[in-house]
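If you're wondering where the values come from, they're calculated on a predicted model, not measured in any experiment. All values below were derived from every heavy atom in this structure, side-chain atoms included, with hydrogens, water molecules and symmetry-related copies excluded.
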Amino acid sequence: MNLMLSCSKAIDTQLRKIRSALTPGLFEKVEAFFNTVAGIATPVAAVVGTLIALVIAIKVDSLQIFLGGFVWIFALVICYYIGSKLQSACQSTLQNNPSSIAGQEYLDIVAVLNGVGAVVALLVGTYLSIQLSAMQPFFLGLALSLVLIYTVWLTLNPALITTYVQPSSSAGVDAIAILVLVSKIYLRANKVFFGLFPAIGCVLLLNSFLQSFGEPDAILTGSIAGLIGFIFVIMGLLAPMMCYLFFIFSYMLLDVVRSILAMGAYASAQSQPAVVQSLTPSNATEPDTSVSASGQPQQAVVQPLTPANETEPGKGVSAEMVKKIVIGLVILILGLIVIIKGKDFYADYQVKSKERRVEDERKKSEDERKKSEEQERQSREAAEAARVSAFADNARKYVNKPALDLILDPQINGQFRGIFRENTSDFEAYFAESQNVREVDGLLLGSGCRMDQCDQFRALAVVDLNNTRSYAVVLMRGNVRYFGASEETLPPAVKKWVVSHK
């Protein structure tokens with residue numbers, strides 16, 4: 001068993017099923033639908049465009065813009081007339097310029113490639129929409145997919161673009177048929193463009209109309225969508241004319257080549273009748289003539305290529321199937337929106353969760369820092385309290401003892417040395433005759449005087465137990481001097497001593 005041959009047969013089977021669904025009758029109904037859309041979208045675009053011009057004209061006080069609204073209506077009437085008239089010209093051009101190809105194989109290959117491209121475009125658009133959390137890639141992928149499906153539809157039913165399978169076609173005729181195939185597809189699409197582009201333009205114009213109620217610059221300078229909307233409407237209505245002109249001028253060169261090839265075919269024609277196979281589902285025959293050996297033309301024998309059990313035109317897709325396709329597309333769009341929004345919600349949740357974790361860590365770090373600082377503060381306070389207590393305990397042992405003993409204590413004497421420096425001995429001499437140390441309001445007061453000069457030279461040593469500092473007051477012949485403190489900061493007990501001994 002040849003596996004690859006089985007795969008090829010499976011692809012051909014699927015092509016037959018798709019051909020039975022995408023029938024010429026259904027294609028004509030789609031064209032009629034787009035014609036109806038054009039008939040609705042054109043007056044809507046005229047009204048919306050005029051309203052946009054009116055709103056902007058009022059805001060910027062411009063008569064030219066106001067008159068432009070009426071010019072817009074007149075332009076759409078003319079463009080719709082041109083487009084609707086040239087639709088019949090496009091159809092006649094297709095009918096009057098048939099082409100033939102030696103076999104359906106090339107068309108099947110084009111259909112398969114375009115079908116695969118349609119699926120890939122839809123999947124890529126869906127993936128990018130989910131990846132970028134936006135619907136625009138999906139709609140772009142859907143649009144490209146529909147264009148490719150449209151191409152598949154025409155290549156599976158080439159009779160819609162007057163292309164027929166004729167085994168007797170030469171290589172040159174095949175080349176012409178292949179080259180003109182794209183032009184014919186484009187020409188046949190004139191009715192689709194005629195309705196699709198104005199509909200898209202209407203949506204863009206409605207969006208611009210809503211923006212026109214804001215700042216006028218939103219449309220005059222910043223709204224590209226409004227300009228694109230006007231262009232889309234005009235392009236759609238003039239699409240039949242552009243398709244027609246593009247086809248006839250591009251076909252003109254191919255027609256010259258066709259004439260040259262036809263002359264060669266006439267000279268080398270065989271006497272047997274040509275067998276022509278039509279892809280049209282009906283039993284209608286495509287006339288062709290061959291030339292006998294005697295030079296007399298003969299009527300060609302035409303055979304339909306479509307199998308006898310092939311679905312009749314217009315009956316391939318039922319209303320129920322169309323309904324299922326539409327429902328499936330709606331479910332796909334809704335599911336995609338749910339996935340995108342779910343991804344956004346999940347990303348937002350992750351961001352907020354990370355922010356909460358960072359905030360919790362910050363609070364935890366802040367609490368630990370505060371706790372550490374509090375412990376350090378308590379440790380410092382405890383150390384300070386212990387130092388003050390040790391200082392006070394050391395100083396209090398001199399209560400009711402001579403003041404000179406207090407001054408000569410190493411710890412307290414060190415503080416006095418920091419105050420008097422090289423004059424410390426002179427200060428100590430003021431306590432040659434010392435009185436006992438007494439404690440008053442957290443202060444140790446020890447007074448003394450110079451030997452035999454108590455009436456002129458007296459001193460008071462003060463030890464502040466709470467602040468663990470020492471200072472002194474010296475009376476010299478009626479003058480008071482303060483060392484290690486200022487008169488304003490002296491406690492009452494010290495001031496009282498100064499007053500009583502001054």
- Kindly state whether the ring of F194 and the ring of Y80 have centres lying under 6.0 angstrom apart.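 Centroid distance F194-Y80: below 6.0 Å, so yes.
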In terms of ring plane angle, is the pair [X] and [Y] parallel, tilted or perpendicular, where the classes change at 30° and 60°?
X	Y	result
F246	Y186	perpendicular
F197	F232	tilted
W153	F27	perpendicular

- Sequence neighbours left out, what passes side chain to side chain donor-acceptor pair (under 3.5 Å) with R380? Give chain and number order.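 For R380 there are no side chain to side chain donor-acceptor pair (under 3.5 Å) partners, ignoring immediate neighbours.
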- What distance do L238 atom CG and C243 atom SG have between them, rounded to the nearest 0.5 Å?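 Atom-to-atom, L238:CG and C243:SG are 10.5 Å apart.
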Is a donor from one side chain sitting under 3.5 angstrom from an acceptor on the other, for [X] and [Y]?
X	Y	result
Q87	N35	yes
S353	R357	yes
S129	T126	no

- Does the distance from a Lys or Arg side-chain N to an Asp or Glu carboxylate O, for R362 and E359, drop under 4.0 Å?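 Here R362 pairs with E359 in a salt bridge, since their nearest N and O are under 4.0 Å apart.
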- Query: Could you give all pairs that pass the salt bridge (charged side-chain N to carboxylate O under 4.0 Å, His left out) test and reach residues 89-116, with sequence neighbours left out?
  - Reply: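 Qualifying pairs, neighbours excluded: R19-D108.
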- Task: Apply the side-chain hydrogen bond (donor to acceptor under 3.5 Å, both in side chains) test between R377 and each candidate in Q375, E381, E373; give the one that qualifies.
- Result: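 It is E381, the one option of Q375, E381, E373 that forms the side-chain hydrogen bond (donor to acceptor under 3.5 Å, both in side chains) with R377.
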